[in-house]
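Heavy atoms only: backbone and side chains are in, while hydrogens, waters and symmetry mates are out. Residue indices begin at 1 and follow the sequence shown.
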Amino acid sequence: TATYDHIIPLSHEDTSNRPENIHICCASCNARKGNKPLYVFYEDNPQLDKRTLDIILRHVAHFRKQSVEEVDEMFSRHYIEYKRRRERTG
């Protein structure tokens with residue numbers, strides 16, 4: 001079953017319900033992702049196709065009018081922030 005996923009989780013400060021933050025994915029992937037940042041989700045699920053990640057990056061870059069590199073930096077920052085919070089909370 002296809003569902004809408006917030007690429008940047010609603011629990012994150014950079015989030016929105018705008019088109020650049022919405023992506024269609026299967027219900028089981030959406031449930032597994034939960035409120036994890038995109039790069040954490042892909043790290044936790046190495047079996048996922050990296051071409052899909054590339055499509056998501058280009059999707060976000062297009063709607064934000066940014067380069068893929070800028071979007072990659074943003075998602076990398078979210079990844080680092082998430083990992084640091086997890087370390088602090090144990």
Side-chain angles (χ1 to χ4, degrees):
T1 304
T3 63
Y4 291 109
D5 175 53
H6 288 87
I7 299 166
I8 302 171
L10 289 174
S11 61
H12 197 278
E13 62 190 39
D14 287 343
T15 197
S16 72
N17 282 316
R18 298 176 61 144
E20 71 264 16
N21 195 40
I22 304 295
H23 191 72
I24 296 172
C25 70
C26 69
S28 64
C29 285
N30 198 351
R32 281 195 323 255
K33 182 174 173 282
N35 71 345
K36 293 177 186 173
L38 185 64
Y39 284 0
V40 172
F41 175 66
Y42 270 83
E43 179 181 67
D44 291 349
N45 295 278
Q47 76 281 6
L48 294 175
D49 187 346
K50 299 301 185 224
R51 291 177 295 185
T52 304
L53 179 59
D54 183 56
I55 291 167
I56 294 170
L57 291 175
R58 287 186 282 128
H59 167 86
V60 174
H62 170 78
F63 280 102
R64 285 184 167 232
K65 299 186 182 355
Q66 294 178 315
S67 69
V68 171
E69 291 78 16
E70 290 171 310
V71 172
D72 175 63
E73 288 175 17
M74 176 185 67
F75 286 141
S76 294
R77 190 175 62 253
H78 294 166
Y79 173 88
I80 291 166
E81 291 169 0
Y82 179 86
K83 292 292 187 171
R84 285 183 182 154
R85 278 195 310 272
R86 297 285 301 219
E87 285 176 4
R88 284 194 305 264
T89 60

Same apolar cluster: [X] and [Y], side chain cutoff 4.5 Å:
X	Y	answer
L57	I22	no
I55	L48	no
V68	V60	yes

E73 and S76, any side-chain heavy atoms less than 4.5 Å apart: no
Within-4.5 Å side-chain heavy-atom neighbours: Y82 and H78: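 The answer is no; the side chains never approach within 4.5 Å.
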At what distance, to the nearest 0.5 angstrom, does [atom1] of [X] lie from [atom2] of [Y]?
X	Y	atom1	atom2	value
E81	R84	CD	CZ	8.0 Å
F41	E43	CZ	CD	12.5 Å
R77	Y39	CZ	OH	11.5 Å
N21	I56	CG	CD1	11.0 Å
R32	D44	CZ	CG	10.0 Å
N35	T15	CG	OG1	10.5 Å

Whether over 12 other heavy atoms sit under 6.0 Å from R86 CZ: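 Incorrect, the count does not exceed 12.
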Pairwise side-chain hydrogen bond (donor to acceptor under 3.5 Å, both in side chains) hits with a residue in residues 50-64, at least two apart: D49-R51, D54-R58
Return all side-chain donor-acceptor pairs below 3.5 angstrom for residues 4-11, not counting sequence neighbours, or 'none' if the list is empty.
from, atom 1, to, atom 2, distance (Å)
H6, NE2, N17, OD1, 2.5

Set of side chain to side chain donor-acceptor pair (under 3.5 Å) partners for S16, sequence neighbours left out: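 S16 satisfies side chain to side chain donor-acceptor pair (under 3.5 Å) with no other residue.
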T3/C25 under side-chain contact (heavy atoms from CB on, under 4.5 Å): CA gap, chis, key distance, verdict: CA-CA 5 Å; T3 63; C25 70; 4.0 Å; yes
Shortest non-hydrogen contact between F63 and E20, atoms and distance: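 Scanning both residues completely, I find the closest heavy atoms to be CB-CB, 3.2 Å.
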Non-hydrogen atoms of Y42 and L53 that approach each other most closely: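 Closest heavy-atom pair between Y42 and L53: OH-N, 3.5 Å.
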